[in-house]
Every structure is written in C-alpha cells, then in structure tokens.
Amino acid sequence: MKRNPSKLFCSVSSLALILSPHTDSQNFACIAGGNHSAIAIANTMAKILQMAVMLGSSKLGHGSFGFDERQTDSAPVPQMKRELPTRQMCLEAFKRTQYDILIVGGGAVGSGCALDAATRGLKTALVEANDFGSGTSSKSSKLLHGGLRDLEQAISRLDVAAFRRVRCSLQERSHIGNLAPHLSQPVPILLPVHHWWEAPLYYLKLKIYHLMAPKGTKSFQYLSADEALEVFPMLRPRELFGAFVFYEGQHDDARMCLSVALTAARYGADICNHMKVLRLIKGKDGNVAGAEAVDQLTGKKYSIRAKVVVNATGHMSDSLRQMEDSEAKPLCTRSWSSIIVLPRFYCPEEVGVFDPHTPNGRSIFFLPWQGHTLVGSGDEPGNLPGQESQPTESDVQSLLDGVKHFVSPNFDVRRCDVLAVWGGFKPLPVQSDSLHHTRLKNHVIQLGPRNMLSIVGGTWSSFRALAEKTVNAAIRYGDLSPLRNDSVTAESCKLDGASGWSPKMFIRLVQDFGMERDVAEHLSNTYGSNAFKVAVNAHSSGMAWPIVGKRLHSEFPYIEAEVKQGVRDFACTLEDMVARRLRVAFLNVQVAETILPQVANIMAKELNWTREQMKKQIRDTRAFLKTQMGQLTKENASQMNIPIKMSVRQVRKYAGQFSQMDENKTGYVSISDCCKVMKTMGVKEVPVDLMHNVLRDIDVHAQGKVNLYEFLLLMSALVQGDTEYLRYARLYLDQKKQMQGSIFPIAMQMERAGGSL
Ligand SMILES: Cc1cc2nc3c(=O)[nH]c(=O)nc-3n(C[C@H](O)[C@H](O)[C@H](O)COP(=O)(O)OP(=O)(O)OC[C@H]3O[C@@H](n4cnc5c(N)ncnc54)[C@H](O)[C@@H]3O)c2cc1C
C-alpha cells in the first residue's frame with residue numbers, strides 16, 4: 001500500500017511536537033505549509049497523540065505544568081522550625097523583618113503559597129483581611145476532584161489544555177491526601193445512568209479518568225438499577241437504567257486552609273489574619289516593595305517590606321492590581337454558586353450522588369459531609385459581578401427545586417429541612433468566564449508592571465500546584481535565593497498533625513481519655529495527632545461516661561476544649577470560631593445561634609473581652625449567620641409567604657395562651673402544646689400520623705418546637721378556616737366536617753406550607 005506522505009509528515013511532526021512542549025499545533029501547521037486540511041489533520045493528530053502521551057505518562061509521576069520545570073534535588077524535608085507562634089508574635093515580626101515574599105490573601109491559594117515558600121526556606125509573610133479561608137475557600141463543595149466535567153470537555157473537543165487540567169487535579173488529589181491524610185478522604189459517588197446508551201459513554205469516560213489518575217487510585221464499578229436503588233433509595237426507579245460508582249476526594253475546606261497556614265507558620269512564616277492590605281509600598285525604582293496593612297482588630301497600621309508581593313486575593317484580585325497600576329485592565333471575573341445543607345437522611349450513608357444530566361436538563365450533586373448532606377448544582381450561572389456575596393431565597397428555591405425533580409415524588413422535600421445555605425464566588429481569569437468556549441487555562445499567573453505577581457483562578461483541588469508555580473515564578477522574577485529550589489509540598493511534606501496520625505487513632509482517644517466515639521473521631525479527623533493536645537485540655541464531664549469532653553451541643557461532637565484550641569489557632573472573633581474552627585455555622589445555622597453565648601463566654605475568658613465586647617461579638621456573629629449562612633432567607637421567606645389573618649383581640653388571646661404554655665420563657669412551645677390548644681378548639685384527639693404534618697407545616701426551624709409567630713400562624717389558619725397555607729389546618733377542618741357528617745376528602749396535595757419558605 002502506498003503511504004500518504006503528507007499524513008506521514010504530520011504524524012512524525014506531531015510526535016516532535018509532543019516531545020517539544022513549547023511548540024503548539026498551530027506553529028506546527030504553519031510548518032506543514034498552510035494547506036487547510038493538512039492543518040486540521042495535523043492539529044487533530046497532534047492533540048490525539050498529546051492526549052495519548054498524557055494517559056500513558058500519568059502513571060509515571062509528576063509532570064511539568066508550564067511555569068515550573070521541576071528540579072530534582074533530593075535534600076531532605078526540612079523540619080518544622082518552631083512551635084506555633086501567636087498572632088502578636090507575628091505582628092511584632094512584621095515591624096522588623098525584610099521578607100523575601102509577602103503573600104496577600106489567606107485562602108487556599110495564598111496559604112498554599114505561604115507553605116510552599118516557607119518550606120523552601122524563604123522569609124515569608126502572609127496577611128489575610130478577614131480570617132484564613134473566610135473567602136471562597138470555606139464555601140466550596142468540599143471536593144478534591146479531578147474534574148469529570150473538564151474531562152467531558154477534553155474528550156468532546158479534543159482539548160489538550162482541559163486534559164492537562166484533569167491530570168493535574170487528579171495528581172493533586174493524591175498529593176493532598178499525602179499532605180493531610182487526616183483532613184481528606186475518598187468519597188464514593190454514584191453516577192446515575194438514565195438510558196442504556198449512556199452506560200458505554202460513562203464507562204469510557206470513567207476508564208480514561210481512572211487511567212489518568214496516579215497508581216493506586218480506587219477504581220469505579222457498575223451497579224444495576226436495583227443495586228443503585230439499594231444504595232440511594234430516593235432515586236426515581238423509572239428514570240434509572242443503572243449507575244456507576246467512582247471516587248473523589250473530600251475534605252473540610254476551612255480546616256484544610258487553616259492547617260496549611262498554621263503549618264507554614266511552624267515552618268517559619270509570619271502569618272496574620274484580620275490584617276487588610278490598604279496600599280502597596282513602592283521602592284525608589286517604582287516597583288512594589290511591600291504593603292501597608294491595617295490590623296482590623298486594633299486599627300494599627302503596619303508596613304511590611306518584601307522583595308516580592310504575591311496577590312492571592314481570589315475574586316478580589318483586581319482591586320489589589322489596581323493599587324499596583326491604576327490603569328490595570330481586569331484580569332479576574334467570577335461566577336456565583338451556592339450550596340444548601342440538608343439532614344443526613346437526604347443522602348445515603350457515606351455515598352454521594354452526582355448527576356451531570358438530570359432528566360430536567362440540570363446537574364445536581366448530593367454529598368455526605370460531617371453527618372449532613374450538601375446539595376449543589378454544577379451549573380454555573382455565569383458572571384455576576386455586581387451580586388452581593390450572600391445567598392438568597394431564590395438560590396435556595398432553585399436548589400430545592402432541583403432536589404424535588406431528582407428524588408422520587410414519594411419523598412417529602414421540605415424547606416424547613418434546609419439547615420444552612422452558603423454561596424461563594426469562583427475566581428476565573430477573564431478569558432475563561434464561559435463554560436461554552438474552550439478554556440485554555442483556568443488560572444493565570446501574571447507579573448504586573450510594578451513587579452507584583454498575581455495568581456487568579458484555579459480550584460481548591462489544584463491549590464498546591466498553583467502555589468508551587470507561583471513561588472517558582474516569585475523566585476525567578478524576584479531573584480530570590482531559597483535554601484532549596486524545588487517544592488517539597490507535593491510528596492514529602494506533611495501538614496501539622498499529619499505525622500503520627502492513623503485512621504484508627506480515635507480509638508486511643510476513647511480508651512485513654514474516656515471520650516465518646518463520635519467526639520474522638522471528630523477530634524482525630526480535625527486535628528490529626530494534635531487531637532491529644534485538645535483532649536488533655538478537655539475538662540472532666542462530671543459524669544461516669546464520657547469522662548472528659550463537655551459538648552457544646554448535644555447533636556454535634558464539638559467540645560468546649562476546642563474553643564480554647566481555636567483561640568490558639570488564631571480565632572479572633574466569635575464568627576471565626578463558629579464558622580471555621582467549629583463548622584457548626586455551615587452545618588446548622590440555628591444550632592450555631594443557640595451556642596453563641598456559651599462559646600462567647602469561653603472566648604471572653606481566653607481573650608479578655610469585656611462584657612460589651614462580648615455582646616458586640618454575639619451581635620456581629622448573629623448578623624453573619626443571618627446574611628451569610630441563610631438564616632435571614634429562612635425567616636424572611638416564612639414571613640413573606642404566609643399571612644396571619646386575625647384581629648388584634650385574637651392575636652392577644654393566642655399570644656397570651658402561648659405565653660402561659662411557655663412557662664420557662666424560652667420563646668418556644670412544643671408540638672404537643674399546640675395539640676393541647678387544638679383540643680380546646682374542638683378536636684378530641686390529634687391523630688399521631690398528623691403530627692408529622694404539623695411539624696412539616698409550622699415548624700419552620702425543624703427543631704420540633706414552635707415559636708410565637710409559627711403558633712399564631714397555625715391559630716390564624718384554624719380560626720379563619722384559611723387553609724391555603726397550612727396542610728394540617730386543612731386536614732383538621734376537613735376532619736371536623738367529617739365529624740359533622742360531610743364527606744372526608746381524598747388526601748389533598750398541598751403546596752408547601754408553614755415550612756415552605
Ligand atoms: C460554591 C463553590 C463550590 C466550590 N467547590 C469546589 C470543589 O468542590 N472543589 C474545588 O476544587 N474547588 C471548588 N470551588 C472553587 C474553590 O473554592 C476556589 O477556587 C478556591 O477556594 C479559591 O481560593 P483563593 O485562595 O483563590 O480565594 P479566596 O478563598 O477567596 O481567598 C482570597 C482571600 O483574600 C483575602 N483578601 C482580599 N483582599 C485582601 C486584602 N486587601 N488584604 C488582605 N487579604 C485580602 C480575602 O479575605 C480572601 O480570604 C468552589 C467554589 C464555590 C464558590
């Protein structure tokens with residue numbers, strides 16, 4: 001057979017192109033002589049071969065990603081230099097130190113940069129305007145993923161850049177597992193298959209995904225429809241052909257971020273939260289030589305001098321860039337995503353579900369996390385630059401709508417089950433703001449005109465690699481002299497608490513300290529081997545069992561000793577504590593509010609707060625819970641949707657009744673109290689099976705208790721016979737009618753009522 005010489009040329013040249021990473025297929029096509037079909041063939045072949053090489057080489061270990069050519073010097077991992085310094089010690093150091101590198105922004109990327117720089121022996125400073133991780137980095141879906149959707153794009157468009165991203169994230173997933181085994185673990189995720197023809201496509205995709213992952217990564221498996229329903233019974237049987245189960249990584253994002261920053265501090269970095277950069281300091285040559293920052297707690301200003309300043313301020317990076325150059329064009333755009341938290345029963349035990357193509361055309365995920373279920377949608381609404389950074393009721397309703405359409409219609413999806421809501425801005429480089437065009441890169445490292453380095457974009461999963469690249473760039477452009485050129489954060493370095501930790505370490509906490517199992521597991525998976533320090537400081541419970549560990553709330557494994565530990569771990573405000581040291585604000589906003597006084601009391605003793613300061617902390621944190629964690633949307637929604645229609649006299653009467661029942665003045669009465677009142681209104685017995693509906697309709701906060709507003713709501717519906725909103729009231733009136741001889745109606749489908757915010 002005669003060979004086609006142009007194809008042969010293309011293939012040979014494509015191979016050359018792969019071997020030479022700095023050539024791209026367009027350059028090659030020019031070499032090929034400008035013939036359009038030859039160019040197209042050359043491009044495609046080049047891409048296919050590049051992908052093939054990527055698949056093959058992924059098992060060989062770390063590759064090089066653009067900026068950094070990894071150098072192999074095999075110096076041992078440096079030892080941590082010191083015990084954790086205090087915030088005050090770091091502030092003092094700011095005054096007297098000339099740093100190599102100052103990092104602005106203590107999110108995933110900034111903290112990662114601080115760790116990378118400090119472990120290379122660079123004199124490092126890190127400042128964060130609010131708390132470590134308080135930006136987008138505490139508001140993620142908690143996944144460390146390779147990016148199955150990116151892979152879809154990579155395959156469908158033969159997009160080499162997307163392939164690279166997936167491979168990098170998959171490698172990073174396992175690096176993070178090594179860096180912090182106590183903070184990250186694999187999570188199985190069910191991928192429903194709705195049509196027979198999806199099965200081979202998903203198989204292929206997952207196979208490639210698995211091939212690209214490092215050796216030892218857990219493989220995926222196929223389940224029949226029946227098996228899938230056993231795992232996740234809420235799926236709609238009719239819309240299910242089968243399912244795959246694959247694995248991603250999961251972590252506690254805020255704790256991971258904090259732990260990275262604190263480990264950097266132990267390696268010698270001076271770190272400070274609540275320290276906002278106000279302006280950049282420029283040297284005689286006009287280049288950036290540091291920054292002026294204000295301590296938000298005291299108002300005191302500090303001039304921090306450094307050879308290189310790194311702007312790692314996430315979606316706010318353009319404002320710092322404008323401090324460098326007032327003419328700077330935007331480099332960063334952002335997209336808003338939100339997540340609702342539901343009780344554990346919305347998700348099968350320890351298994352998540354991700355459906356990229358639900359029958360109603362949306363994507364949705366359910367993820368088990370810290371005994372709760374996170375629900376979000378992978379759909380990005382696009383660029384919303386002016387949006388307030390707080391979740392709204394329409395975010396909640398949109399996600400609940402997705403849940404209702406996804407789970408079986410027999411399953412009651414209730415607004416009152418939403419325990420918390422949060423949202424965040426994903427930072428994206430400007431050229432990648434749309435899902436619909438090929439994104440060459442999901443991050444950019446840019447050297448500004450006055451020598452400030454800005455890192456924009458990326459994901460949590462790739463934070464370490466981004467940090468490594470950024471520090472490489474800082475060393476190169478700032479002409480820095482690190483003790484070691486290569487980064488150690490990929491394979492040999494571990495976060496504080498990781499050494500000496502094992503998954504069964506919690507048993508020793510139970511045995512040695514007499515702790516409850518869930519408390520011990522929580523401490524072990526949060527602090528790693530440092531959990532023993534927390535346990536040693538825990539007070540005796542005064543009971544036979546558990547011996548130590550006084551809980552802050554019966555439903556959560558958090559103990560009082562953690563508040564003291566939190567203060568040592570740089571928590572300066574009550575919000576820092578309930579949102580990012582303990583994750584209670586992200587899990588159940590109502591419980592978070594309940595424990596505020598108790599937590600504030602302990603913090604007040606540790607931080608010498610006056611009574612006034614303590615009250616202010618409680619006020620500020622309540623405002624945070626309302627606006628950032630979704631409490632306001634819940635309250636507003638209930639009050640907007642359901643009118644109370646009673647005369648003033650009637651309101652007084654029922655408010656009086658409420659007050660009599662609420663003997664201890666807690667602000668709540670029980671559901672059985674409500675039933676008692678109903679008896680006085682003519683119902684002899686409240687059927688037990690209706691109790692659930694009472695709860696569903698009027699207990700907006702889903703705590704099995706009813707506040708005055710909810711009580712009046714119920715009375716209003718009963719008095720007025722206005723059952724538009726309350727299913728229970730409607731059933732009650734129908735039952736009354738039946739007792740009077742009318743026909744009991746067929747069970748009605750009521751729209752969401754009191755709980756329907
Ligand atoms: C809803 C949602 C879900 C997500 N889920 C995932 C996921 O499952 N997996 C994944 O890999 N990624 C996920 N992401 C993306 C990921 O969370 C982000 O890419 C990552 O957290 C960005 O980190 P960052 O450090 O760049 O930004 P940030 O975390 O926003 O950090 C920037 C910090 O800079 C500080 N700052 C700003 N200005 C100043 C100043 N003047 N002085 C000092 N400090 C300043 C801010 O206070 C902030 O803390 C998700 C994002 C969202 C919104």
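For ligands, and for the atoms within them, numbers begin at 1 and follow the listed sequence. Hydrogens, waters and symmetry mates are skipped; everything else that's a heavy atom, side chains included, is used. Source: prediction; values computed, not measured.
Close approach of ligand 1 to M275 is summarised as follows: ligand atoms under 4.0 Å from at least one heavy atom of the residue are 43 (C). Close contacts between ligand 1 and A312 involve ligand atoms 32 (C), 34 (O) [criterion: under 4.0 Å to a heavy atom]. For ligand 1, the atoms sitting less than 4.0 Å from at least one non-hydrogen atom of S461 are 9 (N), 10 (C), 11 (O), numbered in the order shown with element in parentheses. Close approach of ligand 1 to S337 is summarised as follows: ligand atoms under 4.0 Å from at least one heavy atom of the residue are 1 (C). Within the listing of ligand 1, atoms 1 (C), 2 (C), 3 (C) sit less than 4.0 angstrom from a heavy atom of K139. Listed by number with element, the atoms of ligand 1 under 4.0 Å from a non-hydrogen atom of K142 are 8 (O). When each atom of ligand 1 is checked for a heavy atom of G105 under 4.0 Å away, the hits are 33 (C), 34 (O), 35 (C), 44 (N). Near G314, meaning under 4.0 Å from one of its heavy atoms, ligand 1 places the atoms 26 (O), 27 (O), 32 (C).
Considering each of V109, N130, V104, the one bringing a non-hydrogen atom nearest atom 25 (O) of ligand 1 is V109. Here atom 22 (C) of ligand 1 lies nearest to S137 when heavy atoms of S137, S338, G107 are compared. By heavy-atom distance, the residue among G424, G135, A467 lying nearest atom 53 (C) of ligand 1 is G424. For atom 15 (C) of ligand 1, the nearest non-hydrogen atom from the set F425, W460, F463 belongs to W460.
Other residues, nucleotides and ligands contribute at most 12 non-hydrogen atoms within 6.0 Å of the NZ atom of K123. Within a 6.0 Å sphere centred on NZ of K329, other residues, nucleotides and ligands contribute 12 heavy atoms or fewer.
Between E248 and G147, the closest heavy-atom pair is OE2-N, 4.4 Å. In plain terms, the two heavy atoms of S184 and L144 that are nearest each other are CB-CD1, 3.9 Å. For P192 against D355, the heavy-atom pair with the smallest separation is CG-OD2, 3.8 Å. Residues D318 and C332 share a closest heavy-atom pair of OD2-N, 3.1 Å. Across A108 and F463, no two heavy atoms sit closer than the pair O-CD1, 3.4 Å.
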Exercise for review: Let me see the working for S317 and N311 under side-chain hydrogen bond (donor to acceptor under 3.5 Å, both in side chains), right down to the final yes or no.
Suggested key: CA-CA 7 Å; S317 53; N311 169 11; 4.8 Å; no

Exercise for review: Under the side-chain hydrogen bond (donor to acceptor under 3.5 Å, both in side chains) rule, what do T489 and R464 come out as? Steps first, then yes or no, please.
Suggested key: CA-CA 7 Å; T489 53; R464 196 215 59 81; 2.8 Å; yes

Point to revise | Evaluation steps, side-chain hydrogen bond (donor to acceptor under 3.5 Å, both in side chains), between D576 and T573 | key: CA-CA 5 Å; D576 295 350; T573 67; 3.0 Å; yes

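Rounding to the nearest 0.5 Å gives a distance of 7.5 Å between NE2 of H274 and OG of S134. Between the CG atom in D569 and the CZ atom in R87 there is a gap of 14.0 Å [rounded to 0.5 Å]. Atom CG of residue L320 and atom CG of residue D325 lie 12.0 Å apart, to the nearest 0.5 angstrom.
The N/O atoms of S141, backbone and side chain alike, include one that comes under 3.5 Å of an N/O atom in ligand 1.
Among protein heavy atoms, atom 43 (C) of ligand 1 sits closest to A129 N, 3.2 Å. Scanning the protein heavy atoms around atom 19 (O) of ligand 1, the nearest turns out to be G458 O, 3.2 Å. Scanning all protein heavy atoms for the shortest distance to atom 36 (N) of ligand 1 gives T313 CG2, 3.7 Å. The protein non-hydrogen atom at the shortest distance from atom 40 (C) of ligand 1 is V277 N, 3.8 Å. Looking only at heavy atoms of the protein, atom 14 (N) of ligand 1 is closest to S140 CB, 4.0 Å. From the protein, the heavy atom lying nearest to atom 7 (C) of ligand 1 is L143 O, 3.5 Å. Taking atom 49 (O) of ligand 1 as the reference point, the nearest protein heavy-atom neighbour is E128 OE1, 2.7 Å. Protein heavy atom closest to atom 18 (C) of ligand 1, with residue, atom name and distance, is T136 CG2, 4.0 Å.
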